[in-house]
Amino acid sequence: MAGLLAPSGAAHARLLGLGAYRPSRVVPNSEIVDAIDSSDEWIRTRSGITERRWATPEETVQVMSVAAARDALADAGVDAHQIDCVIVATVSHLSQTPAIATTIAHELGTEQAAAFDISAACAGFCHGVAMASDLIRGGSAGHVLVIGVERLSDITDRADRGTAFIFADGAGAVVVGPSDEPGIGPVVWGSDGERADLITQREMWPEALARGEMPHLTMQGNPVFRWASFAMAKIGLEALDRAGVTVDELDCFVPHQANMRIVDALARSMKLPEHVRIARDIADMGNTSAASIPLALERMKREGEAKSGDTALFIAFGAGLTYAAQVVIVP
Ligand code: UT7
């Protein structure tokens, strides 16, 4: 038997740069309430959303991803040539193959980086960060670009009361690279396929297309709400524990922006102290699934609520059901 050389990588990995793309079209509650027999007040009270962004036809998944990625590369001071791997988390790239990561890598000008998409819904970005960290520490990549991007407006039924007011569009990206100190804590992740039907495509492509429609999303909001509000607090505390960080040492809490009431419920259940700054990007961005955490962190940094070197907790959860949480040092 040949003696293979074992792969070996960097001692640690960390987030080096962060970028975001917010679509230009602002859609206030008033624009959507008639089609779903709702009201601005109901939507604000139940979800905390006042407006969201829906991409224009020109703001494709590719366009939004490349813009967010360029921002992240500039923020990191890393050239596209240094990127060895591009991971795109999305459920709204509408072509089955190839992965959109390959054309994004090409447009950015990487040197034929490995490129693939992952489908873990709203938890996709945190899955990507965990994988990037392990790829770097394992020696498979030097620098990894992780993008969370969605155009959920394409697959949302504007007349569906359960989803039309929630889902939205946008992109966020991070560059992950080698580090002397730990910058990404152990991931706590998992799935519960028994509840796969709680958030799902309403039908398969052929059935939808036969009716001249997109295969729209459908969600049983209330059971998802209860699951996220209670079970995810435990996952967040476990991620803190595995990273050796206490709630008192935490600076920022950046949960998936699914519903403002879930954000508040998680902060309460985890007994986060007053000083912990909490991401509330959902109010005017809606639920952008895989893009929501990098978008929320980008806003916190821009508005001075988070600064480089802060300790932040990510918790993401969504269709699958899937979830992932990790502690990171803010780039
Ligand atoms: O991102 C992936 C993970 N997704 C999530 O985490 C989303 C989790 N779920 C949620 O955010 C919430 O469940 C929603 C915001 C979607 C809904 O809020 P809820 O408090 O769970 O409302 P509900 O579905 O229990 O409905 C309460 C009431 C019902 O009326 P009755 O039976 O109390 O008379 C609904 O018929 O509100 C009614 N309702 C609406 N009313 C106005 C349901 N949808 C609407 C609507 N407008 N759009």
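Counting starts at 1 for both ligands and their atoms, in listed order. For this chain, numbers begin at 1 and follow the sequence in order.
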[atom] protein-contacted (non-hydrogen atom, under 4.0 angstrom):
atom                    : answer
atom 33 (O) of ligand 1 : no
atom 30 (O) of ligand 1 : no
atom 42 (C) of ligand 1 : yes
atom 37 (O) of ligand 1 : yes

As an exercise, identify every atom of ligand 1 less than 4.0 angstrom from a heavy atom of [X].
X      : answer
Asn259 : 10 (C), 11 (O), 12 (C), 15 (C)
Phe165 : 15 (C), 16 (C), 48 (N)
His256 : 1 (O), 2 (C)
Ile262 : 6 (O), 8 (C)
Phe317 : 2 (C), 6 (O)
Ala258 : 1 (O), 5 (C), 6 (O)

Considering only non-hydrogen protein atoms, determine which one is nearest to [atom] and report residue, atom name and distance to 0.1 Å.
atom                    : answer
atom 27 (C) of ligand 1 : Arg46 NH1, 3.5 Å
atom 9 (N) of ligand 1  : Gly221 O, 3.0 Å
atom 47 (N) of ligand 1 : Ser38 OG, 2.6 Å
atom 18 (O) of ligand 1 : Arg261 NH1, 4.0 Å

Please work out which of [options] has its closest non-hydrogen atom nearest to [atom].
atom                    : options                        : result
atom 35 (C) of ligand 1 : Met219, Arg161, Gln257, Met232 : Arg161
atom 19 (P) of ligand 1 : Asn222, Thr45, Ile199          : Asn222
atom 40 (C) of ligand 1 : Trp42, Tyr323, Phe167          : Trp42

Is it true that [Y] and [X] share a donor-acceptor pair across their side chains at a distance under 3.5 Å?
X      : Y      : value
Ser153 : Asp169 : yes
Gln62  : Thr103 : yes
Glu58  : Thr56  : yes

Residue that, paired with Glu51, satisfies side chain to side chain contact (heavy atoms under 4.5 Å, CB included) out of Ile32, Val27, Asn29, Val26: Val26
Given Val175, Thr110, Leu16, the one that forms side chain to side chain contact (heavy atoms under 4.5 Å, CB included) with Leu73: Val175
Result of checking Asp157, Asp160, Thr163 against Arg202 for side chain to side chain donor-acceptor pair (under 3.5 Å): Asp157
Neighbour count >12 (heavy atoms, 6.0 Å) for atom NE2, His81: yes
contact_flag Cys122 ligand 1 heavy-atom lt 4.0 Å: yes
Test: Arg277 and Asp310 ion pair at under 4.0 Å: yes
Stepwise side chain to side chain donor-acceptor pair (under 3.5 Å) check, Glu150 with Thr288: CA-CA 6 Å; Glu150 302 291 2; Thr288 56; over 6 Å; no
Side chain to side chain donor-acceptor pair (under 3.5 Å) assessment of Asp154 paired with Ser92: CA-CA 8 Å; Asp154 285 339; Ser92 47; over 6 Å; no
Arg158 NZ/CZ over Trp54 ring centroid, <6.0 Å and within 45° of normal: yes
